[in-house]
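Residue indices begin at 1 and follow the sequence shown. Values below: all heavy atoms of this structure, side chains included; hydrogens, waters and symmetry mates excluded. Since the structure is predicted, the reported quantities are computational estimates derived from the model, not experimental observations.
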Amino acid sequence: MKKATVKHLWLGAFLFLAWQNMPAKETSDGNLVKNSGFEITDPGKAISHGASGFVADWTPLYYPAQGFKAGLSNDAATGKNSVYLENHLGKKSLTWLSDFIPVSKSEKLLVGFAIKTEKLQAGKDWYKPGVMIIFYDKDKKRIAHRDVKRFGAEISEWTRFKEDFTVPAKDKIAFMRLGLVISYCKGKVLFDDVSIKRKPKKEVKAAAGGNAPQASIFPVPKVIEKRQGSINVSGLTVDWSKLPQTAGISGIKQLLTDFLKKKDIRQEYRLS
């Protein structure tokens, strides 16, 4: 009986550790961020717009005793809720932190969010509101952070952004948290509909040079000469058959045509 109890303890510990290191559960659209629309509150706590500390799977880091504010707002991009940070002094950095998300070094991600600001007085460099990702080791000790995007101008209407992001190549990185911040500047910032998605391997490969067209294969114009009466006329020709047939080719072709026109090279001798 005693041995069975010990085995059960070991099994329980193993299952707990395995659960801790399981990949974050994705939503149907691949979003790794829990409660990404801020519609879920902690059990037993009612929604109270203007208050904080009860948004499920999110942690506010601010200083209420000094008058700084962080909470839910009914001004939302979608649904009923968004979260906000309000800095009236232009001091300190206020943050909403997501739950921990397992991640690997050098992983390719797509970060999305909706943002809106009110009476923003941003400073230089990172003295602005924005979105960042904080990285942790296997013991969930903070080891690095990187900005996704910062905003220095007022955004008076809800605006959506999507940004490509690459996890730093640090061996110790095991977890990340999404950080919604306003740093050392005055004003109010609201966030909604946040997301982190892993980029599909095929998409990453194409972006890295798999099957995607590269600038190096753009056909180089060749100089030609043509006899016109008693004089030689110089021009350029481009073999368009060597250009990948992808979206936007006609636009590229037109740009090159316009450029060559400015060089006063006659069209009929320029392109074939």
Side-chain angles (χ1 to χ4, degrees), residues 8-43 52-62 70 79 81-83 85 93-115 126 130-150 160-181 183 191-208 210:
H8 291 158
L9 289 173
W10 275 108
L11 179 61
F14 172 78
L15 291 174
F16 174 77
L17 291 173
W19 174 80
Q20 285 284 85
N21 290 280
M22 283 178 65
K25 185 178 180 180
E26 300 179 3
T27 59
S28 58
D29 64 349
N31 192 357
L32 298 169
V33 181
K34 297 178 181 178
N35 197 16
S36 59
F38 312 106
E39 301 298 321
I40 306 172
T41 58
D42 285 337
S52 66
F54 54 83
V55 183
D57 304 305
W58 287 86
T59 303
L61 301 179
Y62 69 120
N81 304 325
S82 67
V83 291
L85 297 164
S93 185
L94 319 180
T95 310
W96 276 101
L97 281 176
S98 74
D99 201 358
F100 288 93
I101 303 169
V103 71
S104 303
K105 68 175 184 177
S106 303
E107 194 167 357
K108 306 291 184 181
L109 306 171
L110 182 62
V111 181
F113 56 92
I115 186 173
W126 56 275
V131 175
M132 64 191 298
I133 295 181
I134 303 95
F135 298 98
Y136 303 80
D137 63 14
K138 61 181 178 62
D139 298 317
K140 296 183 177 177
K141 180 181 178 181
R142 179 170 174 163
I143 56 176
H145 72 273
R146 296 286 188 276
D147 278 343
V148 175
K149 195 173 184 68
R150 296 272 180 165
R160 297 183 181 277
F161 293 87
K162 286 187 177 181
E163 301 291 330
D164 289 323
F165 187 89
T166 301
V167 177
K170 293 180 178 288
D171 291 331
K172 292 184 178 180
I173 288 178
F175 295 95
M176 64 180 172
R177 298 176 83 176
L178 189 64
L180 314 176
V181 302
S183 301
F191 298 94
D192 201 1
D193 298 337
V194 298
S195 65
I196 297 180
K197 299 179 181 180
R198 293 189 171 93
K199 297 191 74 172
K201 291 183 179 180
K202 289 183 179 179
E203 184 178 343
V204 172
K205 183 179 179 181

Enquirer: How long is the straight-line distance from OG of Ser195 back to CG of Leu32, given to the nearest 0.5 Å?
Expert: 9.0 Å

Enquirer: Between Asp171 and Lys105 (salt bridge meaning N to carboxylate O under 4.0 Å), is one present in this structure?
Expert: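 The answer is yes: the pair qualifies as a salt bridge.
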
Enquirer: Within the side chain of Asn35, is there an N or O that forms a donor-acceptor pair under 3.5 Å with the backbone of Ile40?
Expert: yes

Enquirer: Would you name the heavy atoms of Leu110 and Lys199 that are closest together and state the gap between them?
Expert: N-CG, 4.0 Å

Enquirer: If you take all heavy atoms of Lys138 and Phe175, which pair is closest and at what distance?
Expert: O-CE1, 3.8 Å

Enquirer: Is it the case that the side chain of Arg177 and the backbone of Ser98 share a donor-acceptor pair, with hydrogens and angles ignored and the cut-off at 3.5 Å?
Expert: yes

Enquirer: Mind checking what makes ring-ring contact (aromatic ring centres under 6.0 Å, His included) contact with Phe38, not counting sequence neighbours?
Expert: Trp58

Enquirer: For Leu109 and Lys197, run side chain to side chain contact (heavy atoms under 4.5 Å, CB included): C-alpha distance rounded to whole Å, both residues' side-chain angles, the deciding distance at 0.1 Å, then the answer.
Expert: CA-CA 6 Å; Leu109 306 171; Lys197 299 179 181 180; over 6 Å; no

Enquirer: Mind listing the closest non-hydrogen atom pair of Asp193 and Arg160 along with its distance?
Expert: OD2-NH2, 2.8 Å

Enquirer: Check the pair Tyr136, Lys141 against side chain to side chain contact (heavy atoms under 4.5 Å, CB included), reporting the backbone distance first and the verdict last.
Expert: CA-CA 5 Å; Tyr136 303 80; Lys141 180 181 178 181; 5.8 Å; no

Enquirer: Only counting residues at least two apart or in another chain, list the ones meeting ring-ring contact (aromatic ring centres under 6.0 Å, His included) with Phe165.
Expert: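 By the ring-ring contact (aromatic ring centres under 6.0 Å, His included) rule, Phe165 matches no residue at all.
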
Enquirer: Nearest 0.5 angstrom please: Ile143 CD1 to His145 NE2, how far?
Expert: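 One finds 12.5 Å between CD1 of Ile143 and NE2 of His145.
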
Enquirer: Does any N or O in the side chain of Asn31 come within less than 3.5 Å of the main-chain N or O of Ile196, such that one atom is a donor and the other an acceptor?
Expert: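 Yes; judged by distance alone, with no hydrogens or angles, the pair exists.
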
Enquirer: On a heavy-atom basis, which atom in Asp147 and which in Met132 lie closest, and how many Å separate them?
Expert: OD1-CB, 3.7 Å

Enquirer: Can you tell me how far apart CZ (Phe191) and CH2 (Trp96) are? Round to the nearest 0.5 Å.
Expert: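 Rounded to the nearest 0.5 Å, the CZ-CH2 separation comes out at 11.5 Å.
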
Enquirer: Going through the checks in order, is the side chain to side chain contact (heavy atoms under 4.5 Å, CB included) test met by Val55 and Thr41?
Expert: CA-CA 5 Å; Val55 183; Thr41 58; 5.9 Å; no

Enquirer: By salt bridge (Lys or Arg N to Asp or Glu O under 4.0 Å), which residues pair with Arg142, not counting sequence neighbours?
Expert: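 With neighbours one apart ignored, the set is empty.
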
Enquirer: Go through Leu61 and Thr59 one step at a time and tell me if the side chain to side chain contact (heavy atoms under 4.5 Å, CB included) criterion holds.
Expert: CA-CA 7 Å; Leu61 301 179; Thr59 303; 4.2 Å; yes

Enquirer: So which heavy atom on Glu39 is nearest to which on Asn81, and how close?
Expert: OE2-N, 3.0 Å

Enquirer: Do Arg150 and Val181 touch side chain to side chain, with heavy atoms closer than 4.5 Å?
Expert: yes

Enquirer: Quick one: list whatever passes side-chain contact (heavy atoms from CB on, under 4.5 Å) with Lys170, sequence neighbours left out.
Expert: Ala144, Arg146, Pro168, Ile173

Enquirer: So Asp164 and Thr166, do their side chains get closer than 4.5 Å, heavy atoms only?
Expert: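 Answer no - side chains too far apart.
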
Enquirer: Taking the side chain as every heavy atom from C-beta outward, state whether Leu180 and Leu178 have any pair of such atoms under 4.5 Å apart.
Expert: yes

Enquirer: Mind checking what makes side-chain contact (heavy atoms from CB on, under 4.5 Å) contact with Lys149, not counting sequence neighbours?
Expert: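 Once residues adjacent in sequence are excluded, the partners of Lys149 under the side-chain contact (heavy atoms from CB on, under 4.5 Å) criterion are Phe113, Phe151, Phe161, Glu163.
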
Enquirer: Output all residues satisfying salt bridge (Lys or Arg N to Asp or Glu O under 4.0 Å) with Asp139, sequence neighbours left out; order by chain, then residue number.
Expert: none

Enquirer: Is the backbone of Lys172 close enough, under 3.5 Å, to the side chain of Asp137 for a donor and an acceptor to pair up by distance?
Expert: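 No: the side chain of Asp137 does not pair with the backbone of Lys172.
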
Enquirer: Looking at Ser36 and Val194, what are the two nearest heavy atoms and their distance?
Expert: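 Nearest heavy atoms, Ser36 then Val194: CB-O, 2.9 Å.
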
